[in-house]
Engineer: 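Below is one structure. I have some questions about it.
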Amino acid sequence: MRMYDIILKKRRGEELKTAEINFFVEGYTKGGIQDYQASALLMAIFFQKMNKRETSDLTMAMVRSGDQLNLNKINGVKVDKHSTGGVGDSVSLVLAPMVAACGVPVAKMSGRGLGHTGGTIDKLEAFKGFSVDLSEKQFIKNVNEIGIALAAQTGKLVPADKKLYALRDVTATVDNMSLIASSIMSKKIASGADAIVLDVKVGDGAFMKTFEDAKALAEEMVSIGKNVGRDTVAVISDMDQPLGFAIGNSLEVIEAINTLKGNGPKDLMELVLTLGSNMLILGKKVENEEEGRKLLLQVIKDGSALEKLRSFVKAQGGDVSYIDNTELFPKAKYKIEVKAKKAGVISKIHAEAVGIIAMQLGAGRETQESSIDLCVGIIFNRKRGDKVNKEEILAIVYANNEEKGNLAAENLLNEIIISNSYEEKIPIIYGVIK
Ligand code: URA
């Protein structure tokens, strides 16, 4: 088999055989196939696309490129959740303890933030002492004993994705449906979950800018999951404005703690209930969404979800006194108010631009090697559809560098659009693909 022939075949729009896809993924991971040929094939796939069978084959070839976690020693159906990436997305911090408190084991692999989107591991490290450095044995023990554990994805899991993602990033081939779907699903499948709930974001701050694209991606991933025997459900949710009110690592953790105490933002809560009830269905805990929602609201009300967060943070070395007193989280030096220049109604908050502003403040990474500042970020006081008066505080920028903070506040004002009226009805949940 020659890589040249595989590239030519895809360039002509023909369907690749399983053996050809395996040859490419194996050869590229091991170093026998060079970047220039892999780039050419990625571009051919970008233009000619892959069908569902080819995408499933690509996914499974990537899964086989490295280690696969065996979670059989964990009792019950293991359900994982994955978001395609958003701004202010603290869902996992709220959802994981809630689902665990309902009795469905949560064995979660998470990533760090990159670009304008955040990552759960960075956020959890806002708890002093928290570590994701667990051995496989300890990880399994924690899930069996307290119902929840979270680990960082190691480099040994899906090395093919690591190499291919880096190559896609520099060859303008990231935003292809089959390449995104196989990248996400290979990591979830290799992480050993029995069932997967996906949060596919749509809008300004998401990879998928339109509902049609988000739906196609959701369908593609659900189909891959089913093809390989993992029950998969995708929730399509709004990322046209940041989720909740907080953006930034410790700011989002505080928002998550408040949500578990029963004081969560409406949009965050609605998304958590939709994803959570689907996780409980897949985990065979409830029959339908309505039952799931009831149970999830119950574990907030009786404090057991907050208690689960406490056990989880403690088991991974974190200081749990931060949960009772969120004032203990380190504070940014400067708080800069962003005030409305005119009265009206907020018609848009550009999520991607806001994510970039937060990243430039230090809340996120521009490259994988950048370090982050856990206490900086943005808290919104108002969101899309809210009426505002002139000079009203729209948001507060938290910064540790005054100059950066002032620049962020100035830029943020340009990303919050105030109009005379606002008629659009953007839902929090667009739909659920099963
Ligand atoms: N997230 C991933 O893990 N991979 C992609 O290709 C896009 C988003």
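Counting starts at 1 for both ligands and their atoms, in listed order. Counting begins at 1 with the first residue of the sequence.
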Engineer: Here's one to test your reading of the geometry: is the NZ or CZ of Lys201 within 45 degrees of the ring axis of Phe207 and under 6.0 Å from its centre?
Structural biologist: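 Here Lys201 fails the 6.0 Å and 45° test against Phe207.
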
Engineer: Any N or O on Lys187 sitting closer than 3.5 Å to an N or O of ligand 1?
Structural biologist: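 Indeed, backbone or side chain, Lys187 has an N or O that close.
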
Engineer: Between Phe245 and Phe380 (judged by ring centroids, cut-off 6.0 Å), do the two rings come close enough to count as a pair?
Structural biologist: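 Judged by ring-centre distance (under 6.0 Å), Phe245 and Phe380 do not meet the cut-off.
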
Engineer: Looking only at protein heavy atoms, identify the closest one to atom 8 (C) of ligand 1 and say how far it is in Å.
Structural biologist: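 So the nearest neighbour among protein heavy atoms is Phe207 CE1, 3.3 Å.
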
Engineer: Hey, mind stepping through Lys163 and Thr29 against side-chain hydrogen bond (donor to acceptor under 3.5 Å, both in side chains) and telling me if it holds?
Structural biologist: CA-CA 7 Å; Lys163 278 190 90 175; Thr29 311; over 6 Å; no

Engineer: Would you check if Val253 and Leu124 make a side-chain contact, meaning some heavy-atom pair closer than 4.5 Å?
Structural biologist: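 Val253 vs Leu124: side chains apart.
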
Engineer: Mark up the atoms of ligand 1 that fall under 4.0 Å of a heavy atom belonging to Ser183, in ascending order.
Structural biologist: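 Counting atoms of ligand 1 from 1, those under 4.0 Å from Ser183 are 2 (C), 3 (O), 4 (N), 5 (C), 6 (O).
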
Engineer: Looking at atom 6 (O) of ligand 1, what's its closest protein heavy atom, distance included?
Structural biologist: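 Going atom by atom, the protein heavy atom closest to atom 6 (O) of ligand 1 ends up being Arg168 NH2, 2.9 Å.
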
Engineer: For atom 1 (N) of ligand 1, tell me which residue out of Leu217, Thr173, Ile184 has the closest non-hydrogen atom.
Structural biologist: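 Shortest heavy-atom distance from atom 1 (N) of ligand 1: Ile184.
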
Engineer: For the residue pair Phe312 and Phe130, is the inter-centroid distance of their aromatic rings smaller than 6.0 Å?
Structural biologist: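 Centroid distance Phe312-Phe130: below 6.0 Å, so yes.
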
Engineer: Numbering the atoms of ligand 1 from 1, which are under 4.0 Å from a heavy atom of Tyr165?
Structural biologist: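 It comes down to these atoms of ligand 1: 4 (N), 5 (C), 6 (O), 7 (C).
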
